[in-house]
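To start, the structure itself, in structure tokens.
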Amino acid sequence: MGKALIIGAGGVSNVVVHKCCQNSDIFEEICLASRTIEKCDAIVAKLPETKTKVSTAKVDADNTDEVISLIEKFNPDIVINVALPYQDLTIMDACLATGVHYMDTANYEPPDVPKFEYKWQWAYRERFEKAGLTALLGSGFDPGVTGVFCAYAQKHYFDEIHYIDIVDANAGDHGYPFATNFNPEINIREITANGRYFENDDWVEIPPMSMKKTYDLPQIGEKDIYLLYHEELESLSKNIKGIKRIRFWMTFSEKYLTHLKVLENVGMTSIEPIDFEGQKISPLHFLKAVLPDPASLGPRTKGKTNIGCVIQGIKDGKPKTYYVYNVCDHQEAYREVGSQAISYTTGVPAMIGAMMILKGLWKKPGVYNVEEFDPDPFMEALNENGLPWQESFDPILLD
Ligand code: NDP
């Protein structure tokens, strides 16, 4: 059916590549390109034999011209961006210059200030519309599946949605005293930022990790969850009409938070470069270099993730509640594709997003977040591609 250029060769990319190869009728040919070609070759070396034709290439995606040359050489139908959020705009520019569809799993971030805002990418809407191209933003799990879950609830179960709580729980244990499950720089930037949620048409900002609850999650049990700002809140607060409040919660252990507090107190989580022996170094970049590589956590991580949406609203004039979630087992994911559940739960929806575009089901000129498309084929594809979801109509509500 089509050709995909996949940019980035980290944990998420490894899953995307495996999953594309499991769907060879859709992904007939893929090229895996990244800054370090050896990482692409290492992923490809572990792939089982399938009908998908696979090649690798070297590209610095900070450089639009390099991406353009690669696109011209490989001639893909879509670019799947699973590099870092810093590369989103250069890759979108290259897609516009060459007439290729685009998708990613994280919003663009300026390297110096963490913002978690879509405004830079939404500003491309008209250009993609005029070019007749689709740009699909945030097709990972959160953002990604969480937005599809909300669109599905809206389509099938509610006349009006009033409250959404997205709960992201990771009960996996990798045995290290401290490590992050995905890119440490992006992860630490996310959780050291102020908490923020949307209520009554306004944003409420709170100090980092200052709102905590306990929540009993199916197949995981009772966990401490903390309110964080997460990028899908921005698009969902606009796209779910009539929403009164939307919040995002994530589990953290005491041990994790204590390590993070110490690192923060000694200045290791700052991205601001400091002078060190005649060189400028960013403490956060240095910290990333000394922490375990998230890709190395796969074989060690045991336990499950549970990510879902607790939704309250009105149907036929009556109050209604709904909970939709996925449980993913770290070791099962590792056995299947050689990555733990965090990468797995991001890589599978990234592949599905690209599949939706290639099949023409989610093809619409412009720049869109996942909840703006029909959720049904995506929900079906989750069940078929390793992320089955479950639903209940009597969830525990978060006050
Ligand atoms: P990794 O750090 O493991 O991998 C990133 C990859 O991008 C590396 O191969 C890196 O190359 C490559 N890269 C970095 N800069 C460039 C560049 N300038 N040109 C080409 N390649 C580059 O990250 P993950 O796989 O964990 O995450 C990938 C993306 O997925 C991130 O944007 C992350 O924010 C997002 N994500 C989304 C989630 C969701 O649910 N929506 C959840 C988890 C992650 P090198 O190794 O050479 O530096």
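We use all heavy atoms of the structure for the numbers below, so side chains are in, but hydrogens, waters and symmetry mates are not. In listed order, ligands and their atoms are each counted from 1.
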Tell me the protein heavy atom at minimum distance from [atom], and give that distance in Å.
atom                    : result
atom 35 (C) of ligand 1 : T105 OG1, 3.3 Å
atom 38 (C) of ligand 1 : T346 CG2, 3.3 Å
atom 2 (O) of ligand 1  : N183 ND2, 2.9 Å
atom 24 (P) of ligand 1 : V12 CG2, 3.8 Å
atom 44 (C) of ligand 1 : F182 CD1, 3.8 Å
atom 12 (C) of ligand 1 : S34 OG, 3.5 Å
atom 5 (C) of ligand 1  : L84 CD2, 3.8 Å
atom 1 (P) of ligand 1  : G10 CA, 4.0 Å

Please check if the number of heavy atoms outside [X] that lie under 6.0 Å from its [atom1] is greater than 12.
X    : atom1 : value
N265 : CG    : yes
K46  : NZ    : no
K155 : NZ    : yes
E205 : CD    : yes
K359 : NZ    : no
F393 : CZ    : yes

Report the member of [options] with the shortest heavy-atom distance to [atom].
atom                    : options              : value
atom 22 (C) of ligand 1 : H230, E38, R35, E190 : R35
atom 13 (N) of ligand 1 : G11, A83, C40, S139  : A83
atom 46 (O) of ligand 1 : K39, E231, E232      : K39

Query raised in the report: Given the rule that I, L, V, M, F, W and Y join up when any side-chain heavy atoms are under 4.5 Å apart, are I396 and W249 in one cluster?
Result: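 They do share one cluster, since a chain of ILVMFWY contacts under 4.5 Å joins I396 to W249.
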
Query raised in the report: Non-hydrogen atoms of G144 versus ligand 1: any pair closer than 4.0 Å?
Result: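 It does not, in that no heavy atom of G144 comes within the 4.0 Å cut-off of ligand 1.
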
Requested in this report: Would you please determine whether G138 falls within less than 4.0 Å of ligand 1 on a heavy-atom basis?
Outcome: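 Heavy atoms of G138 never come under 4.0 Å of ligand 1.
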
**Report entry** Intermediate values then yes/no, salt bridge (Lys or Arg N to Asp or Glu O under 4.0 Å), R125 and E129
**Finding:** CA-CA 6 Å; R125 200 168 274 160; E129 260 165 29; 5.6 Å; no

**Report entry** Aromatic ring proximity, centroids under 6.0 angstrom, Y368 and F373
**Finding:**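 Close enough - the centres of the two rings lie under 6.0 Å apart.
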
Under 4.0 Å to a heavy atom of [X] - the qualifying atoms of ligand 1, by number:
X   : result
A61 : 17 (C), 18 (N), 19 (N), 20 (C)
A9  : 6 (C), 8 (C), 9 (O)
D60 : 17 (C), 18 (N), 19 (N)
V82 : 28 (C)
T36 : 45 (P), 47 (O)
V59 : 19 (N), 20 (C)
D62 : 18 (N)

Query raised in the report: ligand 1 versus A106, non-hydrogen atoms closer than 4.0 Å: side chain, backbone, both, neither?
Result: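 Within the 4.0 Å criterion, A106 contacts ligand 1 through side-chain atoms alone.
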
Query raised in the report: Side chain, backbone, both or neither: which part of P143 has a heavy atom under 4.0 Å from ligand 1?
Result: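 Both of them.
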
Report task. Compute the shortest N/O to N/O distance between F141 and ligand 1 and return yes if it is under 3.5 Å, no if not. Result ->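 N/O-N/O distance under 3.5 Å: yes.
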
Requested in this report: Check the pair D60, R35 against salt bridge (Lys or Arg N to Asp or Glu O under 4.0 Å), reporting the backbone distance first and the verdict last.
Outcome: CA-CA 5 Å; D60 178 357; R35 193 159 53 180; 5.6 Å; no

Report task. Side-chain contact test, heavy atoms from C-beta onward, threshold under 4.5 Å: evaluate it for F141 versus P143 and give yes or no. Result ->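 No, every pair of side-chain atoms sits at 4.5 Å or beyond.
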
Query raised in the report: Do you know the tightest heavy-atom contact between F178 and P292?
Result: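 F178 and P292 have their closest heavy atoms at O-CD, 3.8 Å.
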
**Report entry** Closest contact, heavy atoms only, M356 versus A381
**Finding:**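 Heavy atoms of M356 and A381 come nearest at CE-CB, 4.2 Å.
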
Requested in this report: Starting at NZ of K244, measure out to OH of Y163 and round the result to the nearest 0.5 Å.
Outcome: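 Going from NZ on K244 over to OH on Y163, the span is 5.0 Å.
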
